[in-house]
Amino acid sequence: MKFIRVDMTSKKVRIERVPQKYIGMGGRGLIADLINDEVPARCDPLGPENKLIFAPGLLGGTSLVNTSRIAVGAKSPLTGTIKESNAGGTFGDAAGRLGITAVIIEGRGAGDELFVLRIDERGEPELIQASDLKKKRTYATVVALLDRFGEKNAVVCIGPAGEMGLRAASIQSTDTKARPCRAAGRGGLGAVMGSKQLKAIVMDLRGNVADTLADPAAFELAARDFAKAVRKNPFSRDVMPEFGTAGLIAPVNSLGGFPSYNATKGVFDGWEKISGEAMADMIRKRGGKTTHQGCAKCIIRCSNEFVDKRGKYVTSSLEYETIWSMGGMTGIDSLDVIARLDNLCDDIGIDTMSTGVAVAVAMDAGYKPFGDGAAAIEMVEQIGKGTDFGKILGNGPEEIGRHFGHHRVPVVKGQSISGYDPRAMQGNAVTYATSPMGADHTAGNLICEYVTGKLDPLKVQGQVEASRSSQISMAVVDSIGLCVLASPVLSSPEGAEAFIRAINAKLGSNLKPESLEQMGKRILSAERKFNRKAGFTNKDDRLPRFFYEEPLPPHNTVVNISEEDMDKTLDF
Amino acid sequence: MITITVKLFSTLRKCVPDYDPERGIALDLPSGATVESVLGQLGIPDSKQPFVTCQGRVLKLTDQAPIGGTLHIFQPVAGG
């Protein structure tokens, strides 16, 4: 259990023992408390007072499957709120196996140098000058870093977008094949990393000093039972390995909730061409991989390797949210173009969701026609080149909407919605509006309740309660380091029971299901406390006007949740 | 008799030999046939936990299959 604290002002790096009050915490929950304790809420997100935190989940580095997420947190330059964005790959597991509770990057240097933080196999950190990596895109950055430090390393890094301080910049994380194709995409945390003049963290994969478990035998049993539950669940067993998250495209369109043409329609005209089924058929025909292990300790294998007509790698993994933002929202019905845009965003180090939505807003404003793939690629290339237009686009949909004077900008607290229209899925409207993170697809997504018929997506009744419950669960999941795609297992009795047993065996505690609920509420309250200090009020927990005024076909509904109900959601 | 069209998604496509994803399947059913009977006729097992939509709505197993309608049949999904 240790913090690695890196002061970019003095360039001093030190290892600290984790203070008692943070013991038993990880990921998003730890970030919520650390940011509250150490970051002045009204600070400039790109200034020296902000801190960038990398924290594996509480069970990161253990043998529990699908717990290799790395949570990244700071005050967001995109939303102005507290932000936790997490990524897959190998970094979170590597950090856990080195007994690292968090890496905290603070301060800011003078001049325009660039640095890399190297953490070796004993967990010893060193800050190294790396100005030769300036303006390098992420794939080339990783090649250069592994050449220098060896292949047995995990890397998190930024691309040109982060170096330029663009507010939609991502932090890219390497997968099991050392490709920077996993992203902590949301909230512009890449810009915070850039402001710290930190290009990358290179962490040794050979660590073997994970924190001790209170009851190792009980932990192994719980981990075995949890893995069994994951393997039994039809979602993680059948759908994910075959189609990945792209398997959502068909059902979401079928429910009329797939925001298309900049959220003016709920069904995309060419959805069968960009569905998970079409993608899988295409990849298989071309000799790519419809499934492989992209993240450490993953047994779900949702990841794919999309290849071009000649069988050459284009991107990994082509996912639902990117196909939606770069396809449905922009009217582009070519998976080849969407895959190219995905790779371009990863390489430049920019969020595919914010960027796709920003492109869609520009198209809706008349800048280019919907469906023009070449124009979309050219627009995103401009971000990488740092042209004036590219910088506006790279600052996200709100900035591009302002630039074009366009009213239809689907964001909450400056962050774009995800691929579920709030007018066709009223509970997701509640989550978008009230999440302390701004609109977000992992904060409390109710698609599972809708497709299984447990909740009518168009009715007001039950939505606030469902959003609240899901937001509480996700706060816990993101603190434990569990992948969101393994989290549906928690709704089965055996999965939930094994999960809590694993936490208790790790901590030597006697937590009950209600204790986890309390944990989730406490995290959300801490995040809201920070936002209050930063100047946010209930009035910020609202969607843009057009979601209340412009009906969405085919259901022709608007958001019907009252302001009073919105305000009750997280009022614990 | 009524006729409906069925489209299958995710791994359910494998439940019907030679399934054509573009055309789907045309089914002739007795009048008043339920969604559950459609699943039975197609041989889709409960273990796949199928759910069925028509015209943007999720149907219950006891709902009647809509005359001339197109049913979409999926497996459960969660967000990500």
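The sequence lines fix the lettering, A, B, ..., with proteins before strands; numbering per chain opens at 1.
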Task: Under 4.5 Å from any heavy atom of chain A - which part of K60(B) - done: neither
Open item on the list: Other residues, nucleotides and ligands only: do more than 12 of their heavy atoms fall within 6.0 Å of CG on D20(B)?
Closed with: yes
Open item on the list: Taking side chain as everything from C-beta outward and backbone as N, CA, C, O, which of these in P554(A) sits under 4.5 Å from a heavy atom of chain B? Side chain, backbone, both or neither.
Closed with: neither
Task: I67(B), CD1 atom: more than 12 neighbouring heavy atoms under 6.0 Å - done: no
Open item on the list: Can you tell me which portion of L458(A) sits under 4.5 Å from chain B's heavy atoms? Options are side chain, backbone, both or neither.
Closed with: side chain
Open item on the list: Quick check for you: among C448(A), A250(A), G244(A), which has the greatest number of heavy-atom pairs under 4.5 Å with chain B?
Closed with: A250(A)
- [ ] Could you look at Q55(B) and say if it's the side chain, the backbone, both or neither that has a heavy atom under 4.5 Å from chain A?
- [x] backbone
Task: Interface moiety of D281(A) toward chain B, non-hydrogen atoms closer than 4.5 Å - done: side chain
Open item on the list: Is there a side-chain contact between F243(A) and S10(B) in this structure, where contact means two heavy atoms from C-beta onward sitting under 4.5 Å apart?
Closed with: yes
Open item on the list: Check the orientation of W271(A) and H72(B). Use parallel for under 30°, tilted for 30 to 60°, and perpendicular for over 60°.
Closed with: perpendicular
Open item on the list: Is the shortest side-chain heavy-atom distance between T452(A) and Q49(B) below 4.5 Å?
Closed with: no
Task: E242(A) side chain near Q75(B) side chain, heavy-atom distance below 4.5 Å - done: no
TODO: Could you check if a side-chain atom of S275(A) sits within less than 4.5 angstrom of a side-chain atom of F9(B), using non-hydrogen atoms only?
DONE: no
Task: Taking every non-hydrogen atom, the tightest pair across A78(B) and F235(A) - done: N-CE1, 3.2 Å
Task: Smallest separation among heavy atoms of V58(B) and L255(A), with atom names - done: CG2-CD2, 3.6 Å
Open item on the list: Give me the atom names and distance for the closest heavy-atom approach of G247(A) to V77(B).
Closed with: O-CG1, 4.0 Å
Task: Contact origin within N253(A) toward chain B - heavy atom pairs under 4.5 Å - done: neither
